[in-house]
**Student:** 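First, the structure itself, so that you have it in front of you.
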2 protein chains.
Amino acid sequence: MLSPTEENYLKVILALSSKNEQAVHTNAIAAELRIAAATATDMCKKLAVKKLVSHEKYKGVLLTKTGYLKACLIIRKHRLWETFLVEQLKFKWDEVHEIAEQLEHIDSEELVNRLELLLGSPKTDPHGDPIPDKNGYLPPSRSMPLAEAATHDVHVVRGVADQSSKFLQLLNKLNIGIGSRIRIMEKFDFDQSIAIKVDQQKTVHISDQVARNIIVK
Amino acid sequence: MLSPTEENYLKVILALSSKNEQAVHTNAIAAELRIAAATATDMCKKLAVKKLVSHEKYKGVLLTKTGYLKACLIIRKHRLWETFLVEQLKFKWDEVHEIAEQLEHIDSEELVNRLELLLGSPKTDPHGDPIPDKNGYLPPSRSMPLAEAATHDVHVVRGVADQSSKFLQLLNKLNIGIGSRIRIMEKFDFDQSIAIKVDQQKTVHISDQVARNIIVK
DNA sequence: ATAAAAATTTAGACTAGCCTAAAAATAATT
DNA sequence: AATTATTTTTAGGCTAGTCTAAATTTTTAT
């Protein structure tokens, strides 16, 4: 059995490694969890002893197969609880994170499986993120340029095809970053430009060139 | 904010003091929580510093007004979650306790209030215990002899009017004790005897004299 | 290529919540 | 009423998870 603290480390390591594919630096973990770097190093060593991560001194950590599975099951609980909070308890999607952070550590497989049933086995949570199944399987995220994504759906920004500062500065202006939720409101055939809503703010209009360089899933 | 551990102490102190009305001995707390007596003494001193209990050395503790309120709100959460688990997730009434022990420590007033609404503001949990309202008010339990209680309802045994060993031995045989749940199946006018189900076991038949000496609520 | 800067780890210390063993206070028994 | 037994508290220690400060390793820049 893992402590809530250990579970939080695994979750953060998974989140950070899915962006980079690289080993996750202990400092990045510390920053994310808002704890001292020394504390993160310490815990990483403990997680390595438990074979949940592999730890190479001064290089960082990588989840082992077991660690990855555990992390996915925590994500599963988190996302199912978020769905419950929004769909059944009528919370807004921006109010549920802190509560789900607590609920995700409740230890009962039966509970989470029944919760999934109650909710009708949803595939994604209220933020559009996919919910792993009871085996921890997280469907591969088929990412694509925003330009090719479906109208009306919400898409999560996962990266950018163009890394030039000119493009990134434009994204900053539009308040678009990794993790932003973009809903496509309308597509205009004339120039392939599209109207989008970023994180439920007011609708803005972007060119096809911009849309082709934003990677979403 | 209270830690889950502190909350558990308050809950146990409330449970033990509602039986006795007396100060709760630290040893009784230790026994209930299955921890060493020294540990309970220690924590009681800490709770006293926080003004949640009053502690008189070698005598035991009593909940303060604040402590009592906090304990009631934990009971509220526990019982609402139990109701949710049984009514929405279709757990059996004997499967929910451990899970509710975890859920009761989730820190969000909004969550528990919305949960109450979702469940239709139930007055009792699946075990027949009353659910405190959002101000922590626990309706006074109007207890009465089982003989006067309503047919078909479930009643919780809270005490005995006759404390003779002969009577108590009979109750032992019937598997009736403090906390037993008795459902009255049928009353017989001929001799005022009644048919009851104890803790969902098979139906048994008891005399009016026995029924008059079992106090339920 | 080497020195300076940045990142990471080690060392030592703190708190919460637990323990055992010994001491002190209260209760029970003769 | 005094002695014995029981209950409760004190004293000292342990682990998990956190911290700061110092030492070490890696990276960056001259």
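Each chain gets a letter, A, B and so on, in the order the sequences are listed, and its residues count up from 1.
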**Student:** For A/K45 and C/dT8, what is the distance between atoms NZ and P respectively, to the nearest whole Å?
**Tutor:**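 Value for this atom pair: 14 Å.
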**Student:** For residues 110-122 of chain A, which residue pairs qualify under side-chain hydrogen bond (donor to acceptor under 3.5 Å, both in side chains), counting only residues two or more places apart or in two chains?
**Tutor:**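 Counting only pairs at least two positions apart or across chains, the side-chain hydrogen bond (donor to acceptor under 3.5 Å, both in side chains) contacts touching residues 110-122 of chain A are A/R76-A/N113, A/R76-A/E116, A/E110-A/R114.
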**Student:** Does some side-chain heavy atom of A/V96 sit less than 4.5 Å from a side-chain heavy atom of A/F84?
**Tutor:** no
**Student:** What is the distance, rounded to the nearest whole Å, between atom NE2 of B/H55 and atom C1' of D/dT10?
**Tutor:** 12 Å
**Student:** Kindly write out the residues that satisfy salt bridge (charged side-chain N to carboxylate O under 4.0 Å, His left out) with B/E87, not counting sequence neighbours, or none if the list is empty.
**Tutor:** none
**Student:** Does any pair with a residue in residues 42-67 of chain A pass side-chain hydrogen bond (donor to acceptor under 3.5 Å, both in side chains), and if so which ones, sequence neighbours excluded?
**Tutor:** A/E6-A/K50
**Student:** Collect all protein-nucleotide pairs involving nucleotides 23-29 of chain D in which both atoms are nitrogen or oxygen and the distance is under 3.5 Å.
**Tutor:**
residue: D/dT25; atom: O4'; partner: A/Y58; partner atom: OH; Å: 3.3

**Student:** Within the pair A/H25 and C/dT8, is there a side-chain N or O less than 4.0 Å away from OP1 or OP2?
**Tutor:** yes
**Student:** Under the side chain to side chain donor-acceptor pair (under 3.5 Å) rule, collect the residues that match up with B/K70, sequence neighbours excluded.
**Tutor:** none
**Student:** Once you round it to whole Å, what is the distance between P of D/dC19 and CG of A/L33?
**Tutor:**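 Result: 10 Å.
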**Student:** Please enumerate all residues that pass side chain to side chain donor-acceptor pair (under 3.5 Å) together with A/H105, with sequence neighbours excluded.
**Tutor:** A/E7, A/N8
**Student:** Would you classify A/T26 as touching base, sugar-phosphate or nothing, given that sugar-phosphate means primed atoms plus P, OP1 and OP2, and contacts are heavy atoms under 4.0 Å?
**Tutor:** sugar-phosphate
**Student:** Can you list the residues that meet the salt bridge (charged side-chain N to carboxylate O under 4.0 Å, His left out) rule with A/D129, with sequence neighbours excluded?
**Tutor:**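 A/R158, A/R181.
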**Student:** Within this structure, what is the CG-to-C1' distance between A/N27 and C/dA7, rounded to whole angstrom?
**Tutor:**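 My rounded result for the distance is 6 Å.
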**Student:** Show me the pairs that pass side-chain hydrogen bond (donor to acceptor under 3.5 Å, both in side chains) and involve residues 206-217 of chain A, at least two apart or across chains.
**Tutor:** A/D208-A/R212
**Student:** Show the distances under 3.5 angstrom between N or O atoms of the protein and N or O atoms of nucleotides 15-22 of chain C.
**Tutor:**
residue: C/dG17; atom: OP1; partner: B/S3; partner atom: OG; Å: 2.6
residue: C/dC19; atom: OP2; partner: B/A36; partner atom: N; Å: 2.7
residue: C/dC19; atom: OP2; partner: B/T39; partner atom: OG1; Å: 2.8

